[in-house]
J.: 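Sharing a structure here in structure tokens format.
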Amino acid sequence: QVQLVESGGGLVRGGGSLRLSCAASGRTDRFYAMGWFRQDPGKEREFVAALSLSGTSTSYADSVKGRFTISGDNAKNTVYLQMNSLKPEDTAVYYCAAGLGIGIYTVQSDYSYWGQGTQVTVSS
């Protein structure tokens, strides 16, 4: 079992930046593919960014490409999501997820473990 805890959310003005963190505990002796998803009330949860198990491959939703960067620090068992040039439409609860596999995953069902989420609100 792996426990994931997100942090770093908050209120920011449009054009600003935030860095989300996802700290893993538990079976961190195993390696995981990691991802970030987000969900606005009344909408489906959507893919944001993914990092492969090796840490060498990334994937981004078109809506955040060029503005968001996913990265990982294995020594700290932490994954980050650097979010720049934030827009009001980025407002959502952001969830971190971990999956058992060697690929890079953009679908929720590929992930086995989820955090509780952190709220990001971008004002116009």
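Computed from heavy atoms alone, side chains included, the values below leave out hydrogens, waters and symmetry copies. A quick note: this is a predicted structure, and the numbers were derived from the prediction, not measured.
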J.: Where is the tightest heavy-atom contact between Cys22 and Met34, given as atom of each residue plus distance?
T.: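 The answer is SG-CE, 4.3 Å.
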J.: For Lys65, is there an ion pair with Asp62 - N to carboxylate O distance below 4.0 angstrom?
T.: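 Salt bridge: yes.
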J.: Looking at every heavy atom in both Ile102 and Tyr105, which two are closest together, and how far apart are they?
T.: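 Shortest heavy-atom separation between Ile102 and Tyr105 comes out as N-OH, 3.4 Å.
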J.: Taking only residues two or more places apart in sequence or in another chain, which ones pass ring-ring contact (aromatic ring centres under 6.0 Å, His included) with Phe37?
T.: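 ring-ring contact (aromatic ring centres under 6.0 Å, His included) list for Phe37, sorted by chain: Phe47, Tyr111, Trp114.
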J.: Starting at CG of Leu20, measure out to OH of Tyr94 and round the result to the nearest 0.5 Å.
T.: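 Here the interatomic distance stands at 7.5 Å.
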J.: Where do Ser17 and Gln82 land on the side-chain contact (heavy atoms from CB on, under 4.5 Å) test, with the steps shown first?
T.: CA-CA 8 Å; Ser17 298; Gln82 177 67 43; 4.0 Å; yes
J.: Does the side-chain contact (heavy atoms from CB on, under 4.5 Å) test come out yes or no for Arg67 and Asp90, once each step is laid out?
T.: CA-CA 11 Å; Arg67 300 187 297 123; Asp90 294 318; 2.8 Å; yes
J.: Would you kindly say whether Gln108 and Asp110 are connected by a side-chain donor-acceptor distance under 3.5 Å?
T.: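 Absent: no donor and acceptor within the cut-off.
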J.: Output, in order, the C-alpha distance, side-chain angles, deciding distance and verdict of side chain to side chain donor-acceptor pair (under 3.5 Å) for Asp73 and Thr78.
T.: CA-CA 5 Å; Asp73 185 335; Thr78 301; over 6 Å; no
J.: Taking the side chain as every heavy atom from C-beta outward, state whether Leu4 and Val2 have any pair of such atoms under 4.5 Å apart.
T.: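 Touching, per the 4.5 Å side-chain cut-off.
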J.: How long is the gap from OH on Tyr80 to CG on Leu51, to the nearest 0.5 Å?
T.: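 Tyr80 OH to Leu51 CG: 12.5 Å, rounded to 0.5 Å.
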J.: Out of curiosity, Arg38 CZ to Met83 CE, how far, rounded to the nearest 0.5 Å?
T.: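 One finds 9.0 Å between CZ of Arg38 and CE of Met83.
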J.: Of the non-hydrogen atoms in Val12 and Leu18, which two are nearest, and what is the gap between them?
T.: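 Nearest heavy atoms, Val12 then Leu18: CG1-CD1, 4.0 Å.
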J.: Would you kindly confirm whether Val48 and Tyr95 end up in one hydrophobic cluster when ILVMFWY residues are joined by side chain heavy atoms under 4.5 Å apart?
T.: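 The answer is no; the residues belong to distinct hydrophobic clusters.
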J.: For Leu81 and Ala49, which heavy atoms make the closest approach, and how far apart are they?
T.: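 What the structure gives for the nearest pair is CD1-CB, 4.0 Å.
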J.: Quick check: closest heavy atoms across Thr106 and Ser59, and the distance to 0.1 Å?
T.: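 Smallest heavy-atom distance, with atoms named: CG2-OG, 3.8 Å.
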